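Keep in mind the model is a prediction, meaning the values are calculated, not measured. Counting begins at 1 with the first residue of the sequence.
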Amino acid sequence: MESLIAAVRCGADAVYLGTKNFNARRSADNFDFDGLSKAVSYCHERNVKVYITLNTLVSDGEMKAAYDTVSECMRAGADAFIVQDLGLVKMLKKCFPEARLHASTQCSVNTPEGFKELERLGFSRAVLPREMSLSEIKEIRNAVNMELEIFIHGALCMCVSGQCYLSSVLGGRSGNRGLCAQPCRLSFSADNSGSYDLSLKDLSLISHIKEIEGAGVISLKIEGRMKRPEYVAAAVGACKKALLGEYDKASEETLKNVFSRSGFTDGYFTGDRKNMFGTRRKEDVVSAVPVLKDLERLYEKEPQTIPVDMEFICKTGKNVTLNVSTEGKSVTVSGGVPEAAINKPLTAESVGERLSKLGGTPYYQNSIRVILDNGLSLSASEINELRRRAVSELGSESAPAFIQKEYKAPSLRKDSKKPYYTARFLSASQIPENHPFRRIFIPVWSDNSDFIKTGAGAEIPRGLFGYEERLIKRLSELKTVGVENILAGNLGAYKTAEALGFSVFADWGLNIYNTLSARQFNSPILSFELTLKQANGINAEDTGIVGYGRLPLMLTRNCPVKNSIGCKACNKNGALTDRKGYRFPVKCSPWPCAEIFNPLPLILSDRIREIHTDFIHFYFTDESKEEINEIVDMFNNNKNSFDNYTRGLYFKGVK
């Protein structure tokens, strides 16, 4: 609450906050429902909006609790919900048709077609990925009518939002579930030096505010729900200065002092991604101490920003009344009957002096009208009490009315049959002759001859920043050589391929975590952050899970190996080594993003009888054709001859 007050008093037009669950900062000091109601009342009295973060993946077993949370938030008067999970969106649109939805950056949408689909799904605003350049932002603006919001200042993740599984796979704390443990801030080194090649500086685009405004972005978002109030005050104040053209080096220095990681970066926005990496150093911590007191003064007093008009009526033999009005709202309170004055009668001046004492409230007196009979007396305490009551009622809100329809949970799936196999290969040369896979896919950039020779479908990469036109051209080429199937792990890519007439299959990158989201896609490969029991229970047509493969842990637009040792030294065989000596392979591509993979392969070959989804997906990366045949044989015979492997999250789950 203290940080919220700091934001409002320093000039924020809206705040975003979480309740105790379903938000991407579950370890923050979030609001219970009583605290939420107070926070909304406080903000609304000051004409500030409140957006509720519901930006995590929600399982089938949690959907009713999410429904109850939304109900409480609507009752409190929340202005909008920031949402990631498309199944949750489905529930919200059906059960709370008046709820205003903002698409979280966790939706992982990065192409015009993806944002068009968000608009079609009912989102009125979208929070853009932090990884976008100015030209890419303009491309999105030209494609949609929805409001666009951008992160202007705050922490910067190495991974594309919504596509990070590092914390969940390594430690069971999922970023998609709001409990990221930030392992990327630890040592991951491309040259075995113990360097921090996954740790980025904090983002700051405050000096680019005018360019952002010119690009058609209507909202500037400051990340900082786990930061101290002084940080909030400094960041909001700096943005306000920049909007007035008053942001200078001194303001930037204050921001750096209160919190930074080796300074700030604007690398994604400008396209210059060379000097984006940084860590929290001792000097960064020490520099905060001298500025905190000055920043605290920025929000210690309530600024009086809302004008009020007053009318005070005091007549002989009648109860005294005070009417206070502001911006379309008016309240009237009444007091006792005035007495005849013995010594000093009331005057308009003395009444006005009492009523104008509005310190500690967000109001200031704009005008006052005093209607007063001569020779009357009313104590100062009575006038003060009238003023306090009127101001209190002016700031209070009645519970808003809204439509709420009953939520009916879909039944869990109970039927089971032997699952069939599908596979993704990094290269056509890996595909065995007479393979057992019903559907196979190779990357979209593979040679046309590979598609013709193997009959494979095309896998579209999840990171497509600025590449939609190139994708459309490539898919059109593939159409002419007979490719029919597409595997898409990105909402925009899915819809682009669908519009071109392909049979499109949903990949795990869509983070399909519940029945309501699974039913929106064709033959979805479910999120590998689900437990096997949860995946088996999802009641949608033709669902699958990843049963084998090195799990991709990060999708990053800034290759950590390239940044550290360069592409020549990497020679497409790069890796990061962590503090325990594990080697995490890094794979680049001709398309915008690089991927970081788990050191150990996931394998469920000896647990296949426990898998009750319709199919098992094999995710092949660097395996030879012979190794692939051996792996398939293990699945066929319910065996496992691997010495080093992982079960992923299928049995231990995530928090």
NZ of Lys90: more than 12 outside heavy atoms within 6.0 angstrom? no
Rounded to the nearest 0.5 Å, the SG atom of Cys157 sits from the CD atom of Glu131 at a distance of 8.5 Å
Regarding Thr111 and Glu468, do their side chains bring together a donor and an acceptor under 3.5 Å, going by distance alone? yes
Between CG on residue Leu604 and CZ on residue Arg607, distance to nearest 0.5 Å: 8.0 Å
Is there a donor-acceptor pair under 3.5 Å between the side chain of Thr515 and the backbone N or O of Pro410? no
One pair to check against salt bridge (Lys or Arg N to Asp or Glu O under 4.0 Å): Asp415 and Arg413. What are the steps and the verdict? CA-CA 6 Å; Asp415 63 311; Arg413 173 178 170 158; 3.5 Å; yes
Could you give all pairs that pass the ring-ring contact (aromatic ring centres under 6.0 Å, His included) test and reach residues 69-100, with sequence neighbours left out? Tyr67-Phe96
Does Arg120, at its CZ atom, have more than 12 non-hydrogen atoms belonging to other residues, nucleotides or ligands within less than 6.0 Å? yes
Taking the six-membered ring for Trp and the full ring for Phe, Tyr or His, determine whether the centres of Phe528 and Tyr165 are under 6.0 Å apart. yes
What's the spacing between Tyr51 OH and Arg100 CZ if we round to 0.5 Å? 6.5 Å
Using the side-chain contact (heavy atoms from CB on, under 4.5 Å) definition, which of the options Leu57, Asp60, Leu86 pairs with Asn514? Asp60
Rounded to the nearest 0.5 Å, what separation is found between the CD1 atom of Ile218 and the CD1 atom of Ile212? 13.0 Å
Please round to the nearest 0.5 Å and tell me the distance separating atom OG of Ser108 and atom CG of Leu491. 10.0 Å
Could you pull out all residues at least two apart from Leu532 that satisfy side-chain contact (heavy atoms from CB on, under 4.5 Å)? Asn536, Ile545, Glu610, Ile611, Tyr650, Phe651
Surrounding NZ of Lys49 (heavy atoms of other residues, nucleotides or ligands, distance under 6.0 Å), is the total greater than 12? no
Name the residue from Arg557, Arg141, Arg130 that meets the salt bridge (Lys or Arg N to Asp or Glu O under 4.0 Å) definition with Glu136. Arg557
Quick one: NZ on Lys64 to NZ on Lys408, what's the gap to the nearest 0.5 Å? 13.5 Å
Does atom NZ of Lys405 have more than 12 heavy-atom neighbours, drawn from other residues, nucleotides or ligands, at distances under 6.0 Å? no
With a cut-off of 6.0 Å (strictly less than), are more than 12 heavy atoms of other residues, nucleotides or ligands near CD of Glu296? yes
Do the side-chain N and O atoms of His44 and Asp79 include a donor-acceptor pair separated by under 3.5 angstrom? yes
Heavy atoms of other groups near Lys38 NZ, more than 12 under 6.0 Å: no
Kindly check if the number of other-residue, nucleotide or ligand heavy atoms within 6.0 Å of NZ (Lys652) is above 12? yes
